[in-house]
Engineer: 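Here it is, the structure in full.
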Amino acid sequence: MSRNLTAILLAAAMVLCLFAGCGNAKSPAESSAVSDVSSTAEASKTTAEPSETVVSDPEPAVSTEETVEVPTATYPISDDGATISYWFAHSPDLPNLLPNYFDDCTAWKAGEEATGVTVDFTYCVAQAASETFDLMVASGDYPDLLDNCVDRYSTGAEGAIADEVILDLVDLIDTDMPDYAAVLAQHPDVVRDITTDEGHMAGIYTVYDEVRQPDAGPMIRKDWLEALDLEVPQTYDDYKDVLLAFKNAYNCSTPLALSSDGAPENNYLVAGYGVAGKTADEGGTNMPFYVVDGQVKYGIVEEGFREYVTMLNQWFNEGLISSDYPTADNSTTGSLVVNGQSGIWYGGSGAITLYSMMVTDPEFHAVAIPDAVKKEGDVNHFSTVTTYNAPVSISAIAENPSLCAQWLNFWFTEQGSQLANYGEGCAIAEDGTAGFSDLILNNPDGTGYRECLSLYTVTCVPYYSHVNRDMVTYTEDVAAASGIWASNRDNEYNYPKTASLTTQENEDFASLYSDITTVINEQVPTFVLGIRSMDEWDSFVQGLKDMGIEDCIALKQDAYNRYIAR
């Protein structure tokens, strides 16, 4: 990170601390900054005290501190109808909710009025984003702002900067983004994660005001569990017993709905064996690399994964897993649950309510359950706690990078954050905190909450996100889910998702890893389904080593070492 940005972050935190003494209601950003600065100062004071007094000749006091002028942002930033362009990948259902896209969103229009800037969108459906992005970059003609370029560019953030596709934003954050800098000042863990090994910042990220706990995990038919007088399963043996009971009592075809690569999202189910096993590529975040005591490992070649696959094969032989699981997707899981063919499945907490609305069985009751462990009391070391989300980058050919930066900064101001989180006309409580209005919570047209978020809040920009805003809409079971999923998991083994390979390392890694994952995804199901004997597992692992998986591990180790040294 540059000296300028470091100074700005420190100064921003100090300014927030000073303002905290005023009688005005503090934003969550201000409150957090005061706490962090105080804690840091106290820690520094404690560690800085010498064990003995050293007397030296007095010297004239000379201040070595730099005077740092913290910029302020004033809006609107344009009086002449300035326009910026923005390539954005959206969910498939967005056009159904907003036929004219964000022109139909009242909060978006309010943001345009507040900033004085109009945005010219180039839209792309998320499922085609990677291919469309590659073609766009190859053409050399792309908009001012690029959605999640950091993950989509083949050689990562540094490659995109080196190839002059996007800008390093350190200087722009210094000069044009004081509110974003103030948010970063409260979240030093985020700063390290989003800063490259070379000290560059390739994008502007959504930052969460609090750590975001798991919002997905295992769920169970509680009504079946209670009807059979069974306890909530904790261990693998418990899971097996419950699944067998469900199969025998309800004749369900697929007691456990398993994902296509054999390991549920976020390494649930496999984590109890001490390894990562999720191989489905989602921006690289689910590659099964992990870290134990500073050493990078690859789950598929570890003994724990052999044990896991052995267990799955046993469960398949007992009719607990479907032979169709290698082709399963989210719609498959939904169909199995709704039609009473699965008793344990994995997904987001919203499924608890969604499936309850879709089933015809009036007794249906879904709840979250803890991840499976070998013995009760064990802790699995893979978790999904997050503090930030995918970035927007400023392209190297942007006509006015300063304007782009100031516009992005708006969404971290109090007004911009409220528009993004709660929409125009949000409710303000007596203590000054913002919340949803009845337009969203009790929509007069009967529009559902999730649809109202698309209609009345801003979902296409990085902003300061209030992670608990949805709690007011949760049922008791949904509200309890995150705590249950986090109850026996930590993130001790997580490989940091922003540990980055160099351009050359990326090329070397890509030349090896694509073929390796193809073999894994083809062969692991053959062991689970008994097509190949587990006696052949050693040969399978050796084949991966012959293909270069150990070289991939070494590359990831080097990237991890640089990340730790940031």
Side-chain angles (χ1 to χ4, degrees), residues 77-78 81-92 94-95 98 100-103 105 108 111-112 115-173 175-177 180 194 196 198 200-206 281-284 388-411 458-463 498 500-503 506-507 510:
I77 50 179
S78 172
T83 299
I84 57 177
S85 54
Y86 184 2
W87 181 81
F88 177 72
H90 63 80
S91 61
L94 181 66
L98 301 172
N100 297 308
Y101 291 87
F102 297 110
D103 284 342
C105 175
W108 180 256
E112 286 191 329
T115 60
V117 175
T118 300
V119 178
D120 180 16
F121 276 101
T122 298
Y123 293 104
C124 170
V125 67
Q127 284 76 357
S130 293
E131 180 180 358
T132 303
F133 177 82
D134 289 343
L135 292 172
M136 177 179 63
V137 170
S139 74
D141 184 19
Y142 31 86
D144 300 326
L145 302 179
L146 300 175
D147 176 25
N148 204 11
C149 171
V150 170
D151 286 336
R152 294 190 173 103
Y153 199 70
S154 60
T155 53
E158 279 300 332
I161 292 172
D163 294 342
E164 297 184 344
V165 174
I166 60 175
L167 297 174
D168 171 22
L169 302 180
V170 167
D171 289 340
L172 285 170
I173 295 172
T175 58
D176 294 304
M177 302 193 69
Y180 183 62
I194 68 176
T196 69
E198 289 75 13
H200 300 149
M201 288 189 168
I204 304 303
Y205 288 75
T206 289
D281 182 26
E282 297 183 0
Y388 60 92
N389 206 348
V392 170
S393 299
I394 299 178
S395 76
I397 59 174
E399 292 186 8
N400 190 339
S402 177
L403 179 73
C404 294
Q406 292 176 66
W407 180 81
L408 288 167
N409 180 75
F410 170 75
W411 303 102
V458 178
T459 58
C460 60
V461 295
Y463 65 105
T498 59
S500 55
L501 300 173
T502 66
T503 300
N506 254 311
E507 293 174 0

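Along the sequence shown, residues are numbered consecutively beginning with 1.
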Engineer: On the 0 to 90° scale, with breaks at 30° and 60°, tag the F121-W108 ring pair as parallel, tilted or perpendicular.
Structural biologist: tilted

Engineer: Can you name the nearest heavy-atom pair linking I394 to A405, along with the distance?
Structural biologist: CD1-N, 3.9 Å

Engineer: Which of parallel (below 30°), tilted (30 to 60°) and perpendicular (above 60°) describes Y205 and Y388?
Structural biologist: perpendicular

Engineer: Where do V117 and L403 come nearest, in terms of heavy atoms and distance?
Structural biologist: CG2-CD1, 4.0 Å

Engineer: Look up atom CD in E112 and atom OG in S78, then write down how far apart they are to the nearest 0.5 Å.
Structural biologist: 11.5 Å

Engineer: Is the closest side-chain heavy-atom distance between V137 and D163 below 4.5 Å?
Structural biologist: no

Engineer: Where is the tightest heavy-atom contact between Y142 and E164, given as atom of each residue plus distance?
Structural biologist: OH-O, 3.7 Å

Engineer: To the nearest 0.5 angstrom, please state how far the CG atom of N400 sits from the CD atom of Q406.
Structural biologist: 8.0 Å

Engineer: Looking at side-chain heavy atoms only, is the closest gap between Y180 and W411 below 4.5 Å?
Structural biologist: no

Engineer: Hey, could you give me the NE2/CG distance between H200 and L167, rounded to the nearest 0.5 Å?
Structural biologist: 11.5 Å

Engineer: Taking F102 as the fixed residue, which of V458, V119, T459 is the one that meets the side-chain contact (heavy atoms from CB on, under 4.5 Å) rule?
Structural biologist: T459

Engineer: State, yes or no, whether a side-chain contact exists between T502 and E158 at a heavy-atom distance under 4.5 Å.
Structural biologist: no

Engineer: Which label fits Y86 and F88: parallel for a plane angle under 30°, tilted from 30 to 60°, or perpendicular past 60°?
Structural biologist: perpendicular

Engineer: Verify the distance criterion only: is there a donor paired with an acceptor across the side chains of D120 and T83 at less than 3.5 Å?
Structural biologist: no

Engineer: Rounded at 0.5 Å granularity, tell me how far CG in N409 sits from CD1 in I173.
Structural biologist: 9.5 Å

Engineer: Please report the interatomic distance CD1(I166) to CE(M201), rounded to the nearest 0.5 Å.
Structural biologist: 13.0 Å

Engineer: What are the two closest non-hydrogen atoms of G203 and S393, and how far apart are they?
Structural biologist: CA-OG, 3.8 Å

Engineer: Is there a donor-acceptor pair under 3.5 Å between the side chain of S139 and the backbone N or O of M136?
Structural biologist: yes

Engineer: Quick check against the 3.5 Å criterion: does T206 have a side-chain atom that pairs as donor or acceptor with the backbone of Y463?
Structural biologist: yes

Engineer: Could you tell me which non-hydrogen atom of D144 sits nearest to which non-hydrogen atom of C404, and how far apart they are?
Structural biologist: CB-SG, 3.7 Å

Engineer: For P143, which of L145, L146, D147, D141 qualifies under side-chain contact (heavy atoms from CB on, under 4.5 Å)?
Structural biologist: L146

Engineer: For the CD atom on Q127, are there more than 12 heavy atoms of other groups (residues, nucleotides or ligands in this structure) within a distance under 6.0 Å?
Structural biologist: yes

Engineer: Do the non-hydrogen side-chain atoms of V461 and W407 ever get within less than 4.5 Å of each other?
Structural biologist: yes

Engineer: Taking all non-hydrogen atoms of both residues into account, name the closest pair between A129 and A89 and its distance.
Structural biologist: CB-CB, 3.9 Å

Engineer: Pick from L169, L172, L408: which one makes a side-chain contact (heavy atoms from CB on, under 4.5 Å) with M177?
Structural biologist: L408

Engineer: Within the supplied structure, the quantity of interest is the number of heavy atoms (other residues, nucleotides, ligands) at a distance under 6.0 Å from E131 CD; does it exceed 12?
Structural biologist: no

Engineer: Pairing donors with acceptors under 3.5 angstrom, does anything connect the side chains of E507 and T503?
Structural biologist: no

Engineer: Are P391 and N148 packed together at the side-chain level, in the sense that at least one heavy-atom pair is separated by less than 4.5 angstrom?
Structural biologist: yes

